[in-house]
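Given the structure is predicted, the values throughout are model-derived calculations rather than measurements.
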Amino acid sequence: LINYFCLINLYRFFRTSQQKHSNYKCTFAKKQMKDRILQKSTDMFLRLGFKSITMDDIACEMCISKKTIYKYFANKDILIEESVQMVHKEVHQTITKIVSQNFNAIEENFEIRRMFKEMFKSVESSPIYQLKKHYPEIYEKVLSMQVSICEECFRDNIIKGINEGLYRKELDIENYVKFYYTLIFSINENTMLEKDAQELELKALEYHIRAMATLTGIKELEKQILNH
């Protein structure tokens, strides 16, 4: 009798383990599919435009049914919002990685610019411009996320540059932070082509650094411009 109950319990244990394993595999497969859709959609949105790409286009590109996409994303707006959040996260992680490499403050700025150029090299129309024009509600959410990240990044860079003797000590840090991110966002909001936006951003960066730099900082800036 004891052996019988032991067998029953052992059977129940294995059944429970199998169910848990099956549920795990199912959950993992769903996450994989959602991630694949999100990655492909993000790539297509950036290359071809948020407005022009449809759910049918994404389904056709992935060789899946449109119904499969709607299983994970209720509508296109939600898909765009999650795509933008994914890009935002990737940008933040890349900036953090660059900052951790101990470049001087001016070199750090140019490395971040180089990163943006590489990330968006296949993008024709400025993502920020598109969002503001066609999806203003999503744009407002993006703006609130981006401003906080930009403020922190710019502030830390200015403090670092002052400590390195590349920026002047008497700078009004908060006003310089506000001025620079206002300039950058104005460029992206009003410039349709990404290539043009990047060229203007580079000019804005040079203007920003020249306004803050010491003589040593000016020399470093000139070096970075030549290398860039």
Side-chain angles (χ1 to χ4, degrees), residues 46 84-121 123 125-132 136 138-228:
L46 290 177
V84 170
Q85 287 174 353
M86 188 177 82
V87 173
H88 172 79
K89 183 179 179 181
E90 186 178 345
V91 166
H92 190 204
Q93 288 174 340
T94 307
I95 289 174
T96 301
K97 183 179 178 182
I98 290 171
V99 170
S100 70
Q101 293 177 25
N102 294 318
F103 294 110
N104 69 56
I106 294 174
E107 188 178 14
E108 181 179 279
N109 276 319
F110 278 87
E111 286 298 319
I112 290 172
R113 285 254 47 81
R114 195 173 285 112
M115 172 272 292
F116 275 113
K117 188 174 181 180
E118 180 63 26
M119 281 186 70
F120 299 107
K121 63 183 178 182
V123 177
S125 181
S126 168
I128 297 295
Y129 178 88
Q130 292 177 56
L131 287 175
K132 187 182 180 185
I138 296 175
Y139 173 75
E140 288 302 321
K141 292 180 182 178
V142 172
L143 187 64
S144 62
M145 289 190 300
Q146 290 284 14
V147 166
S148 62
I149 294 298
C150 286
E151 282 185 334
E152 182 183 357
C153 180
F154 298 160
R155 186 181 296 109
D156 289 347
N157 181 266
I158 293 173
I159 293 170
K160 181 177 183 178
I162 291 171
N163 291 335
E164 292 173 336
L166 297 173
Y167 302 152
R168 291 178 287 106
K169 290 183 179 180
E170 72 279 7
L171 292 176
D172 184 340
I173 295 175
E174 293 308 313
N175 276 335
Y176 271 89
V177 167
K178 189 178 293 185
F179 173 78
Y180 187 47
Y181 82 65
T182 300
L183 184 58
I184 292 297
F185 276 96
S186 177
I187 289 170
N188 281 278
E189 287 174 350
N190 298 289
T191 309
M192 185 173 70
L193 297 180
E194 178 63 18
K195 182 181 178 182
D196 293 343
Q198 288 188 11
E199 288 178 2
L200 287 171
E201 283 182 19
L202 182 59
K203 293 293 183 183
L205 175 60
E206 180 182 351
Y207 179 79
H208 173 63
I209 293 174
R210 282 192 187 279
M212 300 187 297
T214 60
L215 288 176
T216 304
I218 293 293
K219 289 178 182 178
E220 179 63 28
L221 172 62
E222 297 291 350
K223 184 176 82 172
Q224 292 302 322
I225 290 172
L226 285 174
N227 291 338
H228 195 80

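Heavy-atom minimum distance, Leu46 versus Val123: O-CG1, 3.2 Å. Of all heavy-atom pairs spanning Phe103 and Glu108, the tightest one is CB-N, 3.8 Å. Glu189 and Tyr129 get closest at one heavy-atom pair: O-CD1, 3.2 Å. Scanning both residues, Gly165 and Thr216, for their nearest heavy atoms gives O-CB, 4.1 Å. Nearest heavy-atom pair across Arg114 and Asn227 is NH2-O, 4.4 Å. The two residues Ile138 and Leu131 make their nearest non-hydrogen contact at CG2-CD2, 4.3 Å.
A salt bridge links Arg210 to Glu206: one of the charged nitrogens lies within less than 4.0 Å of a carboxylate oxygen. With respect to the salt-bridge test (charged N to carboxylate O, under 4.0 angstrom), the residues Glu151 and Lys178 do not qualify. We find that Arg155 and Glu152 are not joined by a salt bridge, their nearest charged nitrogen and carboxylate oxygen being 4.0 Å or further apart. One finds no salt bridge joining Glu222 and Lys219 here, because no Lys/Arg side-chain nitrogen approaches an Asp/Glu carboxylate oxygen to under 4.0 Å.
Within the 4.5 Å cutoff, no side-chain heavy atoms of Gln85 are placed close to those of Lys89. Residues Val84 and Tyr139 fail the side-chain proximity criterion, which asks for heavy atoms closer than 4.5 Å. Counting only heavy atoms from C-beta outward, the side chains of Ile173 and Ile162 approach each other to under 4.5 Å. Looking at heavy atoms from C-beta onward, Asp156 lies out of side-chain contact with Val99 at the 4.5 angstrom threshold. Side-chain atoms of Thr191 and Ser126, non-hydrogen and from C-beta on, never get closer than 4.5 Å to each other. Looking at heavy atoms from C-beta onward, Asn157 lies out of side-chain contact with Tyr180 at the 4.5 angstrom threshold. No side-chain heavy atom of Cys150 sits less than 4.5 Å from a side-chain heavy atom of Val177.
Taking CZ of Arg168 as the start and CD1 of Ile158 as the end, the distance is 10.5 Å to the nearest 0.5 Å. Here Glu90 contributes atom CD and Thr94 contributes atom OG1; the two are 5.5 Å apart, rounded to the nearest 0.5 Å. We find the OG1-CG distance between Thr182 and Asn175 to be 10.0 Å, quoted to the nearest 0.5 Å. Once rounded to the nearest 0.5 Å, the distance linking CD of Glu111 with CG of Asn104 reads 10.0 Å. Summarising the geometry, atom CD belonging to Glu199 is positioned 10.0 Å from atom CG belonging to Leu193; distances are rounded to the nearest 0.5 Å. Here NE2 of His92 is found 15.0 Å from NZ of Lys97. Values are rounded to the nearest 0.5 Å.
Side-chain atoms of Arg113 never come within 3.5 Å of backbone atoms of Leu205 as a donor-acceptor pair (strictly under, hydrogens ignored). Proximity of a side-chain donor or acceptor of Asn188 to a complementary backbone N or O of Ile184 within less than 3.5 Å is detected. No donor-acceptor pair under 3.5 Å is formed between the side chain of Glu220 and the backbone N or O of Leu166.
Residue Lys117 qualifies as open at atom NZ: its count of foreign heavy atoms under 6.0 Å is 12 or below. Crowding of Met192 atom CE: a count of heavy atoms from other residues, nucleotides or ligands under 6.0 Å not exceeding 12. Under a cut-off of 6.0 angstrom, the local environment of CG in Leu215 is sparse, with at most 12 non-hydrogen atoms contributed by other residues, nucleotides or ligands.
Under the 30°/60° scheme for interplanar angles, the aromatic rings of Phe185 and Tyr181 are found to stand perpendicular. The aromatic rings of His208 and Phe154 sit tilted relative to each other, their planes meeting at an angle between 30° and 60°.
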>> Go through it in stages, so that I can follow the logic: the residues are His88 and Ile149, the test is side chain to side chain contact (heavy atoms under 4.5 Å, CB included), and I'd like the CA-CA distance, side-chain angles, deciding distance and then a yes or no.
In response: CA-CA 10 Å; His88 172 79; Ile149 294 298; 3.5 Å; yes
>> Between Ile218 and Thr214, is the side chain to side chain contact (heavy atoms under 4.5 Å, CB included) condition met? List the steps.
In response: CA-CA 6 Å; Ile218 293 293; Thr214 60; over 6 Å; no
